[in-house]
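Accompanying notes for the structure given below.
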Amino acid sequence: MSTPPVANPVPCQRNQRLFPLIRLMLVCFVISIVNTNERLHAETNSAAVYKAAANSITVDELKSHIEFLASDSLEGREAGSQGGQAAGTYIRTFLQKHGIQPGMAEEGYFQEFDGGFRNIIGLIPGNDPELKKEYVVIGAHYDHVGYGKPSNSRGGVGQIHNGADDNASGTAALLEVIEAISLHKELPRRSILFVFWDAEEMGLLGSRHWMNHPTVPLDKVAIYLNLDMVGRLKEKPLTLFGSRSAYGLRSSTVRSNERETDLKIDFDSAIRPDSDHWPFYQKGIPFLMFHTGKHEDYHRPEDDSHKIDYRGARKSAQLLTQLTLDFALQSEKPQFRNANQDILSGIDQQARIDTSDPPRLGVAWNADIYSQGKLVLTQVMANTPAKKAGLKVGDEIVEIDGKSPIAEQGFGALIQNSDNQIVLQVRRKEQDELLELPVALSGKPVKLGIQWQTDEADPSVIVVSDIIESSPAALAKLKINDRIYEIAGKQVRNSDEFRKLASTQKLPFSLLVEREGRLQKIEVQSIR
């Protein structure tokens, strides 16, 4: 007896398996879109917060702070004096007004120590369950030298030294940073500690006292940011000390500077015991110190508020605000490095191109005639490709592989970037017909035309140490000590990766380059 036919169950089973899989894929796709939108929204929102915080800092408010702190009524704010006490009260009132928590908890804002001195400490707690146990510390000393003594005055002993730049400017800038960040208290993941140091002019007494009696664990301090004399920027670059005290500090600063401030920055590698960053550095804590330079009014009665560059002080405060938010938000804290060796030897030594390599062609030409549109040889060097190809003094090179040598980029650049095998069309005296001379050039074509080195303190950045004359890099106006961050939109992570990118990337391409703290795109063009 035969078995009756039955329906095939496989399609039904297959569909039962496929539908949940399809649903899962659709759910994942939707979640992916939502997550992407949320990420883009967060990035957009973050950029808006940075902009709003920076723009909340105003020249008028800075001027109001400095004019009070540097007024004759405060008699130079000497530590322990009535003027110093009045300055401290002004700062405390400001912290209270903007809802900044007391840094001494139940004891309030003042950390008092011997001599009637007092540091002033405020706190914005972080919002991350773990990172809030770490701290970004920002400080500025608010004292000055009072009436001036022979030991601390450079002239005018016995007269009021108002210290508008030193350091009413740093104090005022810090007050503005506090106000800017207080508008976004919910944002920082790490906690932010604000400290106004007393008795700095007497030998960093306030910061030394805090280091000996810290109000937070020292091993939880991610970085210290110091403001000392930021009121005389004018047309000069902002000087930034300490960028080599941790890995990546310079590039972090440059990225922050790109947002709103676009300051020229002089990254000074010297680390001196001349301000409140020093006790932190001695304890292995990375730091950055903002400074606009000493001047003829330094520690003299003439350091008055009408000489302050308020727009420059605003730029410094804006940059510090952005940096503070960066360090308070990023997942990893800066890794300390001992930068003492950088005081004597930095990365600015210029490596040289090896001149023992033979020239690619080996000729010289008359520059005056060249400027008139002709390339006439004045020298053919012995044992060079030019000599072997039969070139002679007096020859006029008319074409290189069918192209004119009188080009905008120059004959030297054409030769540097040509393939190894070229054909020259040459006009020779007393010969009617043009000669065609094949030439086997020495060496390899120049792709970019730089030598570089890496920076131990910023290992993902390429530092230009030399530039080959007439190379694409030279024509693009790269400079020695330019720092390359990206090539053709791809971030550089190390020297080997840069070498690979530079050798394989087709011209033209762009380089993202930092020069004096500013990022700019430089287009590198093909010479051929």
Side-chain angles (χ1 to χ4, degrees), residues 251 254-255 257-258 262 264 350-354 357 359-361 363 365 370-371 373 375 385 397-425 439-455 458-528:
S251 54
V254 170
R255 294 288 189 182
N257 187 40
E258 183 184 21
D262 194 35
K264 279 188 177 181
Q350 298 176 10
R352 294 298 176 190
I353 302 295
D354 187 356
D357 289 342
R360 293 212 78 199
L361 181 59
V363 297
W365 56 94
Y370 181 78
S371 66
L375 194 149
I397 297 178
V398 179
E399 288 186 351
I400 304 170
D401 284 340
K403 301 179 181 69
S404 170
I406 311 299
E408 182 180 350
Q409 61 268 27
F411 173 65
L414 283 170
I415 295 298
Q416 289 280 20
N417 204 44
S418 289
D419 293 328
N420 284 28
Q421 300 291 330
I422 62 171
V423 175
L424 301 181
Q425 274 198 331
V439 181
L441 297 174
S442 296
K444 295 180 179 180
V446 173
K447 183 74 174 185
L448 182 56
I450 67 170
Q451 283 195 343
W452 68 85
Q453 54 195 67
T454 53
D455 179 0
D458 233 334
S460 64
V461 173
I462 298 299
V463 185
V464 178
S465 57
D466 213 343
I467 302 172
I468 297 175
E469 186 178 355
S470 300
S471 66
L475 296 173
K477 302 191 184 305
L478 273 176
K479 294 183 179 181
I480 290 173
N481 292 327
D482 278 350
R483 301 166 75 88
I484 300 173
Y485 283 51
E486 295 177 4
I487 179 167
K490 300 179 181 70
Q491 187 171 353
V492 177
R493 289 180 174 81
N494 53 55
S495 182
D496 290 340
E497 185 174 305
F498 176 75
R499 188 186 306 278
K500 182 178 179 181
L501 286 170
S503 61
T504 59
Q505 194 69 41
K506 285 187 177 181
L507 290 167
F509 57 73
S510 64
L511 298 174
L512 184 63
V513 173
E514 181 238 310
R515 185 181 296 164
E516 293 185 304
R518 290 170 162 169
L519 285 174
Q520 57 182 295
K521 278 195 174 180
I522 292 180
E523 298 296 328
V524 183
Q525 302 292 334
S526 174
I527 293 177
R528 288 180 290 174

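The analysis underlying the following values was restricted to heavy atoms, covering all of them including side chains, and did not include hydrogens, waters or symmetry mates. The first residue in the sequence is number 1, and the count goes up from there.
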Could you check if a side-chain atom of I522 sits within less than 4.5 angstrom of a side-chain atom of R515, using non-hydrogen atoms only?
yes
So, taking the atom named CG in L478 and the one named CD1 in I468, what distance separates them when rounded to the nearest 0.5 Å?
12.0 Å
Answer yes or no: is there a side-chain heavy-atom contact under 4.5 Å between R483 and D458?
yes
Those residues that, when tested against S460, pass side chain to side chain donor-acceptor pair (under 3.5 Å) (two or more places apart):
none
How long is the span from the CD atom in Q451 to the CG atom in D466, to the nearest 0.5 Å?
6.0 Å
Those residues that, when tested against E497, pass salt bridge (charged side-chain N to carboxylate O under 4.0 Å, His left out) (two or more places apart)
R493
Enter the distance from K444:NZ to Q416:CD here, rounded to the nearest 0.5 Å.
14.5 Å
Sub-4.5 Å side-chain heavy-atom contact between I422 and I415:
yes
Residue pairs meeting ring pair (Phe, Tyr, Trp, His ring centres under 6.0 Å), one or both in residues 505-524, sequence neighbours left out, come to none
How far apart are the closest heavy atoms of P405 and L414, and which atoms are they?
CA-CD1, 3.9 Å
Does any part of the side chain of I450, heavy atoms only, come nearer than 4.5 Å to the side chain of I484, both counted from C-beta?
yes
Restricting to ring pair (Phe, Tyr, Trp, His ring centres under 6.0 Å), what partner residues turn up for F498, sequence neighbours left out?
W452
Kindly give the heavy-atom pair with the smallest separation between E523 and S510, and that separation in Å.
OE2-CB, 3.4 Å
Mind checking salt bridge (charged side-chain N to carboxylate O under 4.0 Å, His left out) for E516 and listing every partner two or more places apart, or none if nothing turns up?
K264
Could you go through the side-chain contact (heavy atoms from CB on, under 4.5 Å) check for L519 and R255 one step at a time?
CA-CA 8 Å; L519 285 174; R255 294 288 189 182; 3.9 Å; yes
Do you know the tightest heavy-atom contact between G449 and A473?
O-CB, 4.0 Å
If you define the side chain from C-beta out and look only at heavy atoms, does anything of R360 sit under 4.5 Å from N420?
yes
Do other residues, nucleotides or ligands put more than 12 heavy atoms under 6.0 Å from E469 CD?
no
Side chains of Q453 and S465 in contact at under 4.5 Å (non-hydrogen atoms)
yes
How long is the straight-line distance from CG of L507 back to CG of L448, given to the nearest 0.5 Å?
8.0 Å
Rounded distance (nearest 0.5 Å) linking atom OG of S371 with atom CD1 of I406:
9.0 Å
Any side-chain heavy-atom pair from I400 and L424 closer than 4.5 angstrom?
yes
Distance from K490 atom NZ to L512 atom CG, nearest 0.5 Å?
13.5 Å
With sequence neighbours excluded, what pairs up with D262 under the side-chain contact (heavy atoms from CB on, under 4.5 Å) test?
R518
Can you check whether F411 reaches I397 side chain to side chain, under 4.5 Å on heavy atoms?
yes
Quick one: closest heavy-atom pair of I462 and S495, and the distance?
CD1-CA, 3.9 Å
